[in-house]
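Have a look at the structure below before the remarks.
Quick note on labels: first sequence line is chain A, next is B, and so on, each numbered from 1. Just so it is clear, the model here is predicted, and its values are computed rather than measured.
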Amino acid sequence: MDMISGTDDDCSENAESRSKLPSSKYKGVVPQPNGRWGAQIYEKHQRVWLGTFNDQEEAAQVYDIAALRFRGQNAVTNLKTTNDQDYMERLFLTSHSKNEIVDMLRKHTYEHELEQSKQYYAASCHVDLSESNTINPFSEEAREFLFEKVVTPSDVGKLNRMVIPKQQAEKHFAMNPASASKGLLLNFEDELGTVWRLRYCYWSSSQSYVLTKGWSKFVKEKNLKAGDLVCFWRSINMGHAHHSKLHIDCKPGNGSDFEEVQGRVDLLDPVQTGSVVRLFGVNILEKSDRLYCT
DNA sequence: CCTTGTGTTGAG
DNA sequence: TCAACACAAGGG
């Protein structure tokens with residue numbers, strides 16, 4: 001019934017050393033002359049070789065990982081269900097360059113590195129979100145911190161908008177007068193690679209810059225609360241000099257209500273008391289440039 | 001040697 | 001963008 005590409009039945013090794021190689025049922029998986037399996041993915045008219053493996057499933061799995069890294073969460077995969085939300089793995093994938101992922105796959109060290117990172121995330125609670133003006137040496141992209149805001153009750157309320165502090169808006173999101181009334185549609189990518197399309201416009205009545213359409217969805221899905229931080233940054237793709245992407249990330253505030261938070265002078269000064277942040281379901285304490293578990 | 005993975009082509 | 005095929009490069 002289940003004749004899986006006759007590894008043992010159709011090519012009975014006769015004098016016909018030239019028999020056809022068995023095809024794989026998996027995408028991105030190709031047979032090798034010695035009976036092993038190669039994995040490959042194409043990008044930009046070019047093949048990217050992912051290595052050779054003993055069995056199809058292993059090769060297919062490798063293809064899947066590459067596909068998720070190269071093409072995002074909507075990639076067509078063999079075995080991996082894109083639904084199973086492995087937060088850690090997605091973060092792991094998006095925080096490594098394609099070359100790094102490919103190297104791991106070729107050297108068969110991906111699973112190990114992933115586990116290593118999971119341990120690291122859980123143990124040290126380190127994450128490189130919202131680090132200012134830094135370049136991640138493991139990424140192909142340089143990141144430029146723009147600004148962050150502690151969201152107000154009205155930002156997460158029924159007004160379905162977030163006010164961007166005027167100074168920040170004019171500095172980082174310059175908008176020509178023509179677009180002001182209509183606004184601009186901006187794409188922001190979050191740390192998981194999800195793209196949020198937000199309308200950015202100027203409200204002359206209140207003389208303020210705001211994110212409107214799409215914002216309430218962001219608030220809802222990220223479960224943003226007053227006092228939480230929203231961070232904006234820009235990545236510059238080193239390969240294509242002129243392409244930069246906008247990014248948005250958020251993290252919980254320090255657990256107090258917004259009113260309490262407002263009363264605290266040292267809210268944004270981690271040196272003073274350290275702020276508690278929940279990451280991966282763990283409360284962590286932020287001190288200087290490193291994060292520690294509480 | 002044997003294995004990898006590139007060159008290449010043609011189908012979709 | 002993809003797999004099929006042939007075979008040269010490369011390492012032990």
Backbone N/O of A/Gln207 and side chain of A/Ser204: donor-acceptor pair under 3.5 Å: no

Quiz item: A/Arg106 side-chain donor-acceptor pair to B/dG5 base, under 3.5 Å: no

Does [N] have OP1 or OP2 sitting under 4.0 Å from an N or O in the side chain of [X]?
{"X": "A/Lys20", "N": "C/dA4", "value": "no"}
{"X": "A/Ser23", "N": "C/dA4", "value": "yes"}
{"X": "A/Gln40", "N": "B/dG5", "value": "no"}

Minimum-distance nucleotide (side-chain atoms of [X] versus [options]):
{"X": "A/His45", "options": "C/dT1, C/dC7, C/dA3", "value": "C/dT1"}
{"X": "A/Tyr63", "options": "C/dC2, B/dG7, B/dG5", "value": "C/dC2"}
{"X": "A/Val30", "options": "C/dA3, B/dT8, B/dG5", "value": "C/dA3"}

Residue closer to the 5' end of DNA chain B, A/Phe53 versus A/Tyr42 (nearest nucleotide): A/Phe53

Which atom of [X] lies closest to which atom of [Y], heavy atoms considered:
{"X": "A/Lys149", "Y": "A/Pro165", "result": "CD-CD, 3.9 Å"}
{"X": "A/Thr52", "Y": "A/His108", "result": "O-NE2, 3.0 Å"}
{"X": "A/Lys225", "Y": "A/Val151", "result": "O-CG2, 3.3 Å"}

Check: A/Tyr202 ring centre within less than 6.0 Å of A/Phe173 ring centre: no

What integer distance in Å separates [X]:[atom1] from [N]:[atom2]?
{"X": "A/Gln46", "N": "B/dT6", "atom1": "CD", "atom2": "P", "value": "10 Å"}
{"X": "A/Gln56", "N": "C/dA3", "atom1": "CD", "atom2": "P", "value": "12 Å"}
{"X": "A/Trp49", "N": "C/dC5", "atom1": "CH2", "atom2": "P", "value": "14 Å"}
{"X": "A/Asn54", "N": "B/dT3", "atom1": "CG", "atom2": "P", "value": "11 Å"}
{"X": "A/Glu43", "N": "C/dT1", "atom1": "CD", "atom2": "P", "value": "7 Å"}
{"X": "A/Leu50", "N": "C/dC2", "atom1": "CG", "atom2": "C1'", "value": "14 Å"}
{"X": "A/Lys27", "N": "C/dC2", "atom1": "NZ", "atom2": "P", "value": "4 Å"}

Whether A/Phe218 and A/Trp215 hold their rings parallel, tilted or perpendicular, with breakpoints at 30° and 60°: parallel

Lys NZ or Arg CZ of A/Lys98 over A/Phe70 ring: under 6.0 Å, within 45°: yes

Touch class at under 4.0 angstrom, heavy-atom based, for A/Gln32 against every strand present: base

Along DNA chain C (nearest heavy atom to each residue), the more 5'-positioned of A/Arg47 and A/Lys44: A/Lys44

Show the distances under 3.5 angstrom between N or O atoms of the protein and N or O atoms of nucleotides 9-12 of chain C.
none

